[in-house]
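Some notes on the structure that comes next.
Sequence positions, counted from 1, serve as the residue numbers for this chain.
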Amino acid sequence: MIPAPERQGADLAAAGARVEVITPDADSRAAFGRNALDPAHRAAAARAGRAQAARHAEAVAAVWNG
């Protein structure tokens, strides 16, 4: 069984890595629905993902830039 992303991030951070765990938020999950591979939801999922990415950009930049 693969550990949850939050657990993987915690393990990496405990080992000294800089980590920012990002998983689909509620808007993204709602946009892609029950089947993330359904092409009918592609545009809405992309918009939701871009919006989520914008909200996390500063935190990701901090990880990348140390």
Would you mind listing every salt bridge (Lys or Arg N to Asp or Glu O under 4.0 Å) that reaches into residues 45-56, with sequence neighbours excluded?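 Residue pairs passing salt bridge (Lys or Arg N to Asp or Glu O under 4.0 Å), neighbours aside: Asp25-Arg55.
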
Inter- and intrachain pairs under salt bridge (Lys or Arg N to Asp or Glu O under 4.0 Å), touching residues 56-65, at least two apart: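 Not a single pair qualifies under salt bridge (Lys or Arg N to Asp or Glu O under 4.0 Å).
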
Just jot down the side-chain hydrogen bond (donor to acceptor under 3.5 Å, both in side chains) partners of Arg34, sequence neighbours excluded, or say none.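 By the side-chain hydrogen bond (donor to acceptor under 3.5 Å, both in side chains) rule, Arg34 matches no residue at all.
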
How does the hydrophobic cluster around Leu12 look, that is, which other residues are in it when side-chain heavy atoms under 4.5 Å mark a link?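 Val19, Val21, which link up through side-chain heavy atoms under 4.5 Å apart, make up the rest of the cluster.
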
Test: side-chain hydrogen bond (donor to acceptor under 3.5 Å, both in side chains). Region: residues 5-16. Which pairs qualify, not counting sequence neighbours? Arg7-Asp11

If every non-hydrogen atom of Glu20 is compared with every non-hydrogen atom of Val63, which pair is closest and at what distance? CB-CG2, 3.7 Å

Quick one: closest heavy-atom pair of Ala31 and Ala44, and the distance? CB-O, 3.5 Å

Could you tell me which residues satisfy salt bridge (Lys or Arg N to Asp or Glu O under 4.0 Å) with Arg29, sequence neighbours excluded, listed by chain and number?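 Scan of Arg29 (salt bridge (Lys or Arg N to Asp or Glu O under 4.0 Å), adjacent residues dropped) gives none.
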
Can you name the residues that form a side-chain contact (heavy atoms from CB on, under 4.5 Å) with Asn65, not counting sequence neighbours? Ala61

Does atom CZ of Arg18 have more than 12 heavy-atom neighbours, drawn from other residues, nucleotides or ligands, at distances under 6.0 Å? yes

Check whether any side-chain heavy atom of Gln52 lies under 4.5 Å from a side-chain heavy atom of Asp27, and answer yes or no.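 Gln52 does not reach Asp27 side chain to side chain.
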
